[in-house]
Protein chains: 2
Amino acid sequence: MNYKIKSRIWIEEGDNVLLGEGRVRLLKAIDKTGSLSKAAKSLQISYKKAWTLIDAVNKSSRQPVTVTSIGGKGGGGAVLTEYGKKLIIAFDEINKNCWNYLEAQIEKINNL
Amino acid sequence: MNYKIKSRIWIEEGDNVLLGEGRVRLLKAIDKTGSLSKAAKSLQISYKKAWTLIDAVNKSSRQPVTVTSIGGKGGGGAVLTEYGKKLIIAFDEINKNCWNYLEAQIEKINNL
DNA sequence: TTTCGTTATATTTGTAAATACATAACGATT
DNA sequence: AATCGTTATGTATTTACAAATATAACGAAA
């Protein structure tokens with residue numbers, strides 16, 4: 001059995017976290033469902049947790065990442081901004097490249 | 001103000017963690033002090049926490065990472081095995097290269 | 001055989017984080 | 001103005017984790 005290497009990356013603005021894997025997952029779910037409550041349900045987390053996460057994302061971001069509306073047809077909803085979409089694409093790419101690098105490097109340790 | 005990117009890497013054997021940044025820090029302190037209790041003190045963690053960490057390291061490692069002795073002159077002590085020394089060197093190198101890569105990549109996000 | 005500083009381990013206590021629950025506010029549609 | 005599915009927020013409870021405390025075991029050396 002060989003060792004495996006794992007990693008987590010995240011982006012900070014000052015002392016606050018902007019993005020991590022969980023937040024990216026949530027943003028993708030919002031993009032797919034058009035709603036924060038549906039996104040939360042699909043990820044099996046509470047609405048409150050999802051809301052707190054998105055609130056933190058928007059507070060630490062330079063530009064809005066989501067736009068929400070309350071009331072009206074369907075009760076409201078949430079969508080990603082263009083900036084938000086670009087963010088998750090860039091994050092995923094960096095993360096994937098990081099994994100690829102690490103997966104190659106673990107051989108150094110398996111061969112010790 | 002620009003965003004910063006951070007990361008954590010760790011090595012797993014099956015479901016158990018072998019090495020992470022904290023464990024590597026502890027192993028280095030053991031190497032420097034020759035004792036688990038002194039290493040714990042130098043890192044401002046409890047002896048118990050240090051012992052639990054080292055126990056987990058040795059249980060998930062293919063080969064012993066530390067060798068401890070109880071009683072006798074000086075009460076006993078702990079030293080790293082050659083395998084343990086090689087492990088922390090390899091871990092540090094991989095980790096450092098990972099940081100360098102990420103630091104270059106964060107520009108993609110700062111330029112969005 | 002007593003001392004000493006260490007390793008080894010169990011048990012309790014305290015604290016922070018996650019979770020659950022509850023409710024207000026909103027606004028287009030009917 | 002009543003309804004509906006959302007967003008938005010406060011509060012309480014539970015859980016998980018960290019920290020503190022206590023104590024046994026060890027063996028060389030004096």
Side-chain angles (χ1 to χ4, degrees), chain A residues 6 8 10 12 15-61 64-81 84, chain B residues 6 8 10 12 15-61 64-81 84:
Chain A
K6 304 211 171 176
R8 279 288 157 85
W10 67 95
E12 292 184 0
D15 285 338
N16 304 313
V17 173
L18 166 67
L19 275 188
E21 289 187 19
R23 294 176 189 210
V24 166
R25 206 162 29 235
L26 178 55
L27 289 172
K28 286 176 180 172
I30 289 172
D31 198 32
K32 187 176 295 178
T33 63
S35 139
L36 189 44
S37 68
K38 283 177 189 161
K41 217 165 281 177
S42 79
L43 297 180
Q44 313 237 44
I45 62 177
S46 70
Y47 170 81
K48 161 132 199 186
K49 181 171 181 178
W51 183 86
T52 304
L53 283 170
I54 293 302
D55 186 52
V57 167
N58 283 311
K59 276 182 177 156
S60 53
S61 174
V65 171
T66 63
V67 173
T68 59
S69 61
I70 313 176
K73 168 186 74 172
V79 295
L80 299 194
T81 62
Chain B
K6 305 211 169 176
R8 278 289 154 87
W10 67 97
E12 292 185 1
D15 285 340
N16 303 314
V17 173
L18 166 66
L19 275 188
E21 289 188 17
R23 294 175 189 211
V24 166
R25 207 163 26 235
L26 178 56
L27 289 172
K28 286 176 181 172
I30 289 171
D31 197 32
K32 186 175 296 178
T33 62
S35 139
L36 189 44
S37 68
K38 283 177 189 160
K41 216 165 281 177
S42 79
L43 296 181
Q44 314 238 43
I45 63 176
S46 70
Y47 171 81
K48 156 130 200 185
K49 181 170 181 178
W51 183 85
T52 304
L53 284 171
I54 293 302
D55 186 53
V57 168
N58 283 310
K59 275 181 178 156
S60 52
S61 174
V65 172
T66 63
V67 173
T68 60
S69 61
I70 313 178
K73 170 184 74 170
V79 296
L80 298 194
T81 62

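Labels below follow one simple rule: chain letters A, B, ... track the order of the sequence lines, proteins then strands, and each chain is numbered from 1. Computed from heavy atoms alone, side chains included, the values below leave out hydrogens, waters and symmetry copies.
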The side chain of [X] is closest to which nucleotide in this list: [options]?
| X | options | answer |
| --- | --- | --- |
| I70(B) | dC26(D), dA28(C), dA8(D) | dC26(D) |
| K48(B) | dA8(C), dT7(D), dA10(C) | dA10(C) |
| S37(A) | dA20(C), dT7(C), dT6(D) | dT6(D) |
| A78(A) | dT7(D), dT6(C), dT29(C) | dT7(D) |
| K49(A) | dT7(D), dT9(C), dT19(C) | dT19(C) |
| S35(B) | dT7(C), dT29(C), dT9(D) | dT7(C) |

Could you tell me how far apart [X] ([atom1]) and [N] ([atom2]) are, to the nearest whole angstrom?
| X | N | atom1 | atom2 | result |
| --- | --- | --- | --- | --- |
| Y47(A) | dA22(C) | OH | P | 18 Å |
| L53(A) | dA18(C) | CG | C1' | 11 Å |
| L43(A) | dA18(C) | CG | C1' | 16 Å |
| K73(A) | dC26(C) | NZ | C1' | 16 Å |

When you check the phosphate oxygens OP1 and OP2 of dA8(C), does a side-chain N or O of T68(B) lie under 4.0 Å from one of them?
->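 T68(B) to dA8(C) OP1/OP2: side-chain N or O found under 4.0 Å.
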May I ask you to verify if any side-chain N or O of W51(A) is less than 4.0 angstrom from the OP1 or OP2 atom of dT7(D)?
-> no
Could you tell me whether [X] contacts a base, only the sugar-phosphate backbone, or nothing, with contacts defined as non-hydrogen atoms closer than 4.0 Å?
| X | value |
| --- | --- |
| T52(B) | nothing |
| S46(A) | nothing |
| K38(B) | sugar-phosphate |

Please figure out whether G72(A) or I45(A) has its closest DNA chain C nucleotide nearer the 5' end.
->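 Of the two residues, I45(A) wins.
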Kindly give the heavy-atom pair with the smallest separation between [X] and [Y], and that separation in Å.
| X | Y | result |
| --- | --- | --- |
| V57(A) | L18(A) | CG2-O, 3.4 Å |
| A40(A) | Y47(A) | CB-CA, 3.9 Å |
| G84(A) | V65(A) | CA-CG1, 3.8 Å |

Taking for each residue the nucleotide of DNA chain D bearing the nearest heavy atom, is the 5' side occupied by S69(A) or by G75(B)?
->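 Nearest-nucleotide comparison on DNA chain D picks S69(A).
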Measure the spacing between CG of D55(B) and CG of L36(B) and express it to the nearest 0.5 Å.
-> 10.0 Å
Evaluation steps, side chain to side chain donor-acceptor pair (under 3.5 Å), between S37(B) and S35(B) = CA-CA 6 Å; S37(B) 68; S35(B) 139; 3.1 Å; yes
